[in-house]
Amino acid sequence: MEYNNDVISRINGKYDKMSKGHKAIARYISDHYDQAVFMTAAKLGNTLGISESTVVRFASGLGYEGYPEFQKALEEWVKNKLTSAQKVSGKYASSTQSEILTSVLTSDMEKIQDTMNNMDPQAFEMAINIILEAKHVYIMGLRSCAPLAGFLHFYLNMIRGNVILLDSTSVTETFEQMLRIDNKDAIIGISFPRYSMRTLKAMEFANDRNAKVISITDAVHSPMCLYSSCNLLARSDMFSIVDSLVAPLSVINALVVALCQRRPQEVKKGLELLEEAWNNYQVYLNDEINFIGDEPILNYSLRKDI
């Protein structure tokens with residue numbers, strides 16, 4: 001696929017073998033590419049507190065002849081990213097709203113079909129077992145993948161306890177939340193192009209602590225697979241400014257259904273506890289809405305002494 005040769009994919013692909021200084025540069029560029037694209041090697045070095053020569057060696061290590069060629073590649077990548085909205089407009093310029101709807105839905109159906117045809121049943125079964133056997137399950141998905149991570153976290157909480165959603169703005173904060181992860185735990189990392197460096201770092205940290213690592217990503221050559229022993233692959237690409245997450249969400253739905261099938265009593269107990277909490281919360285506030293005829297009546301007293 002095209003993104004395999006772009007500058008960010010090169011960074012992700014070589015990240016695991018980089019030196020400490022080069023990893024700092026890689027993280028900064030991935031998280032602040034809109035600023036880094038305008039920086040000279042000296043400016044980037046000053047920003048990170050490293051030497052200009054380290055920045056130049058970083059560019060060479062990615063396969064570029066020097067920093068200017070690297071900067072040009074980064075500029076091209078940012079340019080393509082920023083003009084993606086224009087590409088969408090060009091693709092659908094002569095389409096009606098109904099045709100756009102049909103085109104997008106058809107594209108999503110094709111991605112689900114492709115995901116279904118290429119899913120590894122053994123990897124799926126392994127993921128189920130890992131999630132059920134882990135003492136703690138950590139989940140991480142950032143940017144457009146955050147809704148997927150939140151969705152999975154919500155339902156795993158009903159199936160089992162000790163599920164932690166990692167949500168932070170820095171690698172340091174992520175490590176703080178994962179401080180006690182060990183070989184009895186598991187992490188589920190969710191990321192698609194453009195891959196999240198923070199999610200990759202969390203998976204690397206978990207792997208170093210001998211935790212079980214599950215990735216939900218797009219392809220076997222994804223950098224997410226560097227640290228994962230169980231890869232659930234789902235198509236996500238779309239010629240659009242919007243990432244297509246329908247297929248990954250379907251995979252997550254399948255995970256939830258399979259887990260419910262394996263642990264029906266735990267699910268029933270979780271739902272009962274949740275319903276009890278809802279009822280207690282409403283009774284505590286005493287503000288339920290009842291209906292008399294067609295008129296809603298708020299069930300709270302208007303007396304000031306209550």
Taking all atoms of both residues into account, what is the closest heavy-atom pair of [X] and [Y], and its distance?
X      : Y      : value
Pro147 : Ser144 : CD-O, 3.2 Å
Ile11  : Met18  : O-CE, 3.6 Å
Ala202 : Met140 : CB-SD, 3.5 Å
Thr217 : Ser222 : OG1-OG, 2.9 Å
Met203 : Ile214 : CE-O, 4.2 Å
Ala24  : Leu48  : O-CD1, 4.0 Å

Side chain to side chain, [X] and [Y], heavy atoms closer than 4.5 Å:
X      : Y      : value
Val7   : Ile29  : no
Leu200 : Glu204 : no
Tyr195 : Asp218 : yes
Leu44  : Tyr67  : yes
Arg27  : Tyr15  : yes
Ile190 : Ile252 : yes
Leu148 : Leu249 : yes
Trp77  : Arg10  : no

I need the [X] [atom1] to [Y] [atom2] distance, nearest 0.5 Å.
X      : Y      : atom1 : atom2 : result
Met39  : Gln71  : CE    : CD    : 10.5 Å
Lys201 : Met197 : NZ    : CE    : 8.5 Å
Ile131 : Ile188 : CD1   : CD1   : 4.0 Å
Asp185 : Asn210 : CG    : CG    : 11.0 Å
Thr174 : Leu179 : OG1   : CG    : 12.5 Å
Met126 : Ser229 : CE    : OG    : 6.0 Å

With no hydrogens and no angle check, just 3.5 Å: does a side-chain donor-acceptor pair link Arg57 and Thr54?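 Short answer, yes.
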Check the side chains of Tyr64 and Lys72 for a donor-acceptor pair under 3.5 angstrom, ignoring hydrogens and angles.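 No pair is found: no donor N or O on one side chain lies under 3.5 Å from an acceptor on the other.
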Connected via hydrophobic side-chain network under 4.5 Å: [X] and [Y]:
X      : Y      : value
Val137 : Val257 : no
Phe70  : Phe38  : yes
Met116 : Val256 : no

Backbone N/O of [Y] and side chain of [X]: donor-acceptor pair under 3.5 Å:
X      : Y      : answer
Asn231 : Ser215 : no
Ser191 : Ser196 : yes
Asp114 : Glu110 : no
Asn157 : Phe154 : no
Glu65  : Ser60  : no
Arg209 : Arg180 : no
Thr199 : Gly141 : no
Thr106 : Thr102 : yes

Tell me whether Glu133 is salt-bridged to Arg160, with the criterion being a basic N under 4.0 Å from an acidic carboxylate O.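 Looking at Arg160 together with Glu133, the answer is no, because their closest N to O distance does not fall below 4.0 Å.
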Walk me through it: do Thr115 and Ser250 pass the test side chain to side chain contact (heavy atoms under 4.5 Å, CB included)? CA-CA 9 Å; Thr115 298; Ser250 291; over 6 Å; no
Identified side chain to side chain contact (heavy atoms under 4.5 Å, CB included) partner of Leu166 from the options Ile187, Ile139, Leu142: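 With Leu166 as partner, side chain to side chain contact (heavy atoms under 4.5 Å, CB included) holds for just one option, Ile187.
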Taking atom CZ of Phe151 as the centre, report whether more than 12 heavy atoms of other residues, nucleotides or ligands fall under 6.0 Å from it.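 Check passes, neighbour count above 12.
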Verify side chain to side chain contact (heavy atoms under 4.5 Å, CB included) between Asp120 and Leu233, making sure each step is shown before the conclusion. CA-CA 8 Å; Asp120 182 354; Leu233 307 181; over 6 Å; no
Go through Met224 and Phe192 one step at a time and tell me if the side chain to side chain contact (heavy atoms under 4.5 Å, CB included) criterion holds. CA-CA 9 Å; Met224 298 284 287; Phe192 297 85; over 6 Å; no
